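In this text, all values refer to a predicted model and were calculated from it rather than measured experimentally.
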2 protein chains.
Amino acid sequence: MDMTTQIDASNDCAGVSSLLNRVGDKWTVQVVVALQDDARRFNEIKRRVAGISQQMLTRTLKSLERDGLVERCVRPTTPPQVEYRLTELGRSLSKPVKELAEWAISHRAAIRDNQVRYDTNR
Amino acid sequence: MDMTTQIDASNDCAGVSSLLNRVGDKWTVQVVVALQDDARRFNEIKRRVAGISQQMLTRTLKSLERDGLVERCVRPTTPPQVEYRLTELGRSLSKPVKELAEWAISHRAAIRDNQVRYDTNR
DNA sequence: CGGGATCCAGTAGGATACTG
DNA sequence: CAGTATCCTACTGGATCCCG
């Protein structure tokens, strides 16, 4: 990919922002990470994503499914089993997301310092 | 960067999510893009970011400044001139953001199709 | 020109109870 | 187990007016 590409604000940014808005909500990334290796069941995901409510997990999975990033697979047993797994599209998204994650992790301290400095000088 | 790195949901995701939440708000990316080449003045940015209100531009710039991603430079002329420019940290962020942007642009159509399909089967 | 101060609406997110 | 249904709160984003 050409890293020198200039992003055209007027044409592309709306779409990019909406994706970032989508993927930047409180839970989406954590759910995707919980699914990065294997397919998982509802409560399995819930256990892996600390602090999420059933409500928010349901909503998050549903919109991920709507975007085609996650596949839902129902097995009509009793009790019913529902498995979620990343689609190919979902896995492809996790690459750039991981890069952003790496950035966040390596600059987290610097940002915190900047914030503290800003807040105290204020 | 090692692309096989596994992200640890419990330890890293909160921080990553908060960054994504930060950078994924409605205007941040567009403002950063507007500043990618040169330092710009307030109304110059406002003109380049279609649809943003002064209020939201003010807030966005302020939190970018707080995070140390943008530098604010006041020139005490009359009328006053205020210039904003990306810091080194801000420029370093634009790399992973651009990758995400490229992803968004190249898969935008697929996602839209998935959404339409999901909504009609519903 | 570059904002600050208010006010207001819409939505994201959370708690809880209930269900097939 | 895997959700749905309500209700509520807080924050995001927008509009408007004012100021040095």
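At least one donor-acceptor pair under 3.5 Å links the side chain of B:Asn114 to the backbone N or O of B:Ala110. Listed for the B:Asp25 side chain is a donor-acceptor partner under 3.5 Å among the backbone atoms of B:Trp27. Between the B:Ser63 side chain and the B:Arg66 main chain, no donor and acceptor come within less than 3.5 Å of each other.
When each of A:Glu71, A:Arg22, A:Arg59 is paired with A:Leu64, the side chain to side chain contact (heavy atoms under 4.5 Å, CB included) condition holds for A:Arg22 and for no other.
One can place CD1 of A:Ile52 at 13 Å from C1' of D:dG3, the figure rounded to the nearest angstrom. Computed from coordinates, the A:Arg41 CZ to D:dA2 P distance equals 4 Å when rounded to whole Å. The CZ-C1' distance, from A:Phe42 to C:dG20, rounds to 15 Å in whole Å. Note: CD1 (B:Ile45) to C1' (C:dG2) measures 11 Å, nearest angstrom. One atom, CD of B:Gln81, and another, C1' of C:dG3, lie 15 Å apart when rounded to the nearest Å. Between the CZ atom of A:Arg40 and the P atom of D:dC1 there is a distance of 16 Å, given to the nearest Å. Here the C1' atom of nucleotide D:dG14 and the NZ atom of B:Lys46 are 12 Å apart, to the nearest Å.
Listed nucleotides: C:dC1, D:dG3, C:dG3. Nearest to the side chain of A:Arg72: D:dG3. When distances are taken from the side chain of B:Asn43 to each of D:dC1, C:dC1, D:dG14, the shortest belongs to C:dC1. Comparing atom distances between the A:Tyr84 side chain and each of D:dG3, C:dG13, D:dA2 picks out D:dG3 as nearest.
Contacts between residues 53-66 of chain B and DNA chain D, defined by a heavy-atom separation under 4.0 Å, are made by B:Gln54, B:Gln55, B:Met56, B:Arg59.
A:Arg48 is listed as a side-chain neighbour of A:Arg40, based on a closest heavy-atom distance under 4.5 Å.
For the OP1/OP2 pair of C:dG14 and a distance below 4.0 Å, the side-chain nitrogens and oxygens of A:Trp27 include at least one atom meeting the criterion.
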Q. DNA chain C in dot-bracket, Watson-Crick or G-U pairs under 3.5 Å, [ ] crossing, | other strand?
A. ||||||||||||||||||||

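Every salt bridge (Lys or Arg N to Asp or Glu O under 4.0 Å) that B:Arg85 has, sequence neighbours left out, goes to B:Glu83.
Within the nucleic acid shown, A:Arg75 has no heavy atom closer than 4.0 Å to any nucleic acid atom.
For B:Ala34 against B:Val49, the heavy-atom pair with the smallest separation is CB-CG2, 4.0 Å.
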